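Heads up, the thing below is written out as structure tokens.
Counting convention: from 1, in listed order, for ligands and their atoms alike. Keep in mind the model is a prediction, meaning the values are calculated, not measured.
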Amino acid sequence: MKTLERAHWGRHVLALGDRPGPIVHLQGQPLVNFASNDYLGLAGDERLLEAAVEAARRYGTGATGSRLLSGQREIHRELEEALAKLKQTEAALVFSSGYLANLGTIAALVGPRDLILADQYNHSSLKNGARLSGARVISYPHGDTTSLQTSLEQHRNQYRRCLILTDGVFSMDGDLCPLPVILDLAARFQVMVLVDDAHATGVLGARGAGSLEFWGCSGQEVVQVGTLSKALGSLGGFVAGSRLLIEFLRHRAATWIYSTGLSPADAGAALAGVQLLGAEPQRRERLWSLRGELQQLLAAMPPAWELTPLPSQSPILCWGVASPERALAWGKALRERGILAAVVRPPTVPTSRLRLSLMANHTRTHLEHLTEALRVSPEEGQSVLS
Ligand SMILES: *Cc1c(COP(=O)(O)O)cnc(C)c1O
């Protein structure tokens, strides 16, 4: 542990005392929250809370068993239908978390005779799912479809099944996977594609359906994984796809078969979240207009020279810094200036960075506050204060 701390790789938790929202308190200090995945501001919404309470009153606090035994409730079916409708797929299946959805689905779809091609920047759950499956895993440089094609040409025909794994929105960068090119390659080489839309569901696309809708690929055969815990404001994960895929997962995905069904309260809140996604498109519009406003503010008042913006096409914005130590210094300085941002370091990512994410209920004042806080380096800020 000492070695980890010395390398500035130590990890610590922060306990927030509030309902989720754009302002949170840390030991009494108010902070503008740019560290949340609650993109649409639904996790603190009264209607989701009511839906969770209502579901708990009706069905109890626990599902009491796996879905195949005693854990199935009407609310699971309603939620799965709503998710399939959102994703424009035949069916959907809800897991206890997005992480478990990825583990179970990948290990069910491929095995030791198969090949996985994976973007180097994929989320931990995709990486561990690939490992768990026992398939041969070849990763390609981030977003590099030329390299992906070369790997397919070289290796595809030596394996039975092949699966491409990619984040839809890359969680620690905020850029998008080049989905149309990937789907073309998949069709040419007879490969399945799994897109992890954890940060795209509710955020990308005209209806918030995610990557396929954004890229105009709706209706194509893709295994779409999502989470209920980000824009949808609850907890849990899901897979959306063909009826055949979902039926197959019900028979083969160990993390679904052998894990207790999602709690009624989580299912209830998530269902309300999906319904609000459809009923209040202005939340998503607001999120994207805030992103535009922030870009304008940053162009007019650029951040300190040592912060290097990473390419982003989503409400996740990242700035690279030279070392884990500098990232921690910035995280601390921002907190002193009233901003909560995520400090992301190796081994989560190859290079240290600040990660900020927008929420639909941020205000222009919050964005101005952030822009101001990013302008002055941690040390300069000190000398101004002293
Ligand atoms: C958050 C996240 C997950 C895990 O989802 P949980 O529901 O929190 O387990 C999976 N993939 C990506 C890309 C994520 O960002």
Side-chain angles (χ1 to χ4, degrees), residues 13 20 35-40 42-43 48 76 79-80 83 87 92-107 116 118-133 139 142-143 163-177 179 182 193-204 210-212 214 222-240 253-256 259-263 265-267 269-271 273-274 310 312-318 342 344 347-349 353 355-359:
V13 296
S36 170
N37 294 319
D38 183 20
Y39 297 107
L40 301 177
L42 291 178
L48 269 76
H76 294 116
L79 175 58
E80 284 167 351
L83 288 166
K87 291 283 175 176
L93 189 65
V94 167
F95 290 69
S96 304
S97 76
Y99 207 110
L100 289 171
N102 275 329
L103 292 187
T105 302
I106 298 166
I116 285 176
D119 190 290
Q120 183 194 2
Y121 284 8
N122 277 346
H123 187 260
S124 159
S125 54
L126 293 176
K127 291 183 174 167
N128 278 325
R131 247 174 243 148
L132 182 65
S133 75
S139 58
H142 179 50
L163 173 65
I164 297 174
L165 298 179
T166 182
D167 281 21
V169 174
F170 283 87
S171 56
M172 294 298 146
D173 295 76
D175 58 345
L176 310 184
C177 84
L179 190 62
I182 290 176
V193 177
L194 184 155
V195 174
D196 181 344
D197 258 354
H199 296 274
T201 302
V203 173
L204 283 189
S211 294
L212 272 75
F214 174 85
V222 174
V223 181
Q224 300 185 60
V225 177
T227 179
L228 307 174
S229 68
K230 288 169 182 155
L232 293 174
S234 181
L235 178 69
F238 68 92
V239 177
T255 58
W256 185 81
S259 188
T260 300
L262 189 68
S263 85
D266 291 324
L271 179 58
V274 179
L310 304 185
S312 153
Q313 295 149 281
S314 72
I316 301 170
L317 299 167
C318 296
V344 195
T348 304
V349 286
R353 67 202 61 181
R355 175 187 187 275
L356 292 108
S357 46
L358 295 171
M359 298 165 64

* Assess whether side chain to side chain contact (heavy atoms under 4.5 Å, CB included) is satisfied between F214 and L179, documenting all intermediate values. => CA-CA 10 Å; F214 174 85; L179 190 62; over 6 Å; no
* Looking only at heavy atoms of G237, does any of them come nearer than 4.0 Å to an atom of ligand 1? ->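 Contact absent.
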* Asked: Would you say G236 contacts ligand 1, with heavy atoms under 4.0 Å as the rule?
  -> yes
Those atoms of ligand 1 less than 4.0 Å from some heavy atom in [X]:
X	value
T227	5 (O), 6 (P), 7 (O)
S171	15 (O)
S125	10 (C), 11 (N)
S229	6 (P), 7 (O), 8 (O)
H199	14 (C), 15 (O)
A198	2 (C), 11 (N), 12 (C), 13 (C), 14 (C), 15 (O)

* Asked: So H199 and Y39, side-chain hydrogen bond (donor to acceptor under 3.5 Å, both in side chains) or not? Walk me through it.
  -> CA-CA 9 Å; H199 296 274; Y39 297 107; 2.6 Å; yes
* Structure fact -> The protein heavy atom nearest to atom 5 (O) of ligand 1 is G98 CA, 3.5 Å
* **Shortest protein heavy-atom distance from atom 9 (O) of ligand 1, along with the residue and atom involved** => Y99 N, 2.9 Å
* Structure fact -> Heavy-atom proximity to atom 13 (C) of ligand 1 ranks first, among L103, I316, L235, D196, for D196
* Asked: Relative to each other, are the rings of H142 and F170 parallel, tilted or perpendicular (30° and 60° limits)?
  -> perpendicular
Looking at [X] and [Y], would you say the former's side chain and the latter's main chain have a donor-acceptor pair under 3.5 Å?
X	Y	result
Q224	A240	no
D167	H123	yes
S357	N37	no

* Judging by distance only, is a nitrogen or oxygen of K230 under 3.5 angstrom from one on ligand 1? ->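 N/O-N/O distance below 3.5 Å exists for this pair.
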* Give, for atom CG of L232 and atom CG of L83, the distance between the pair rounded to the nearest 0.5 Å. =>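 Rounded to the nearest 0.5 Å, the CG-CG separation comes out at 7.0 Å.
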* D197, L212, V222, V239 screened by side-chain contact (heavy atoms from CB on, under 4.5 Å) with K87, the one that passes -> D197
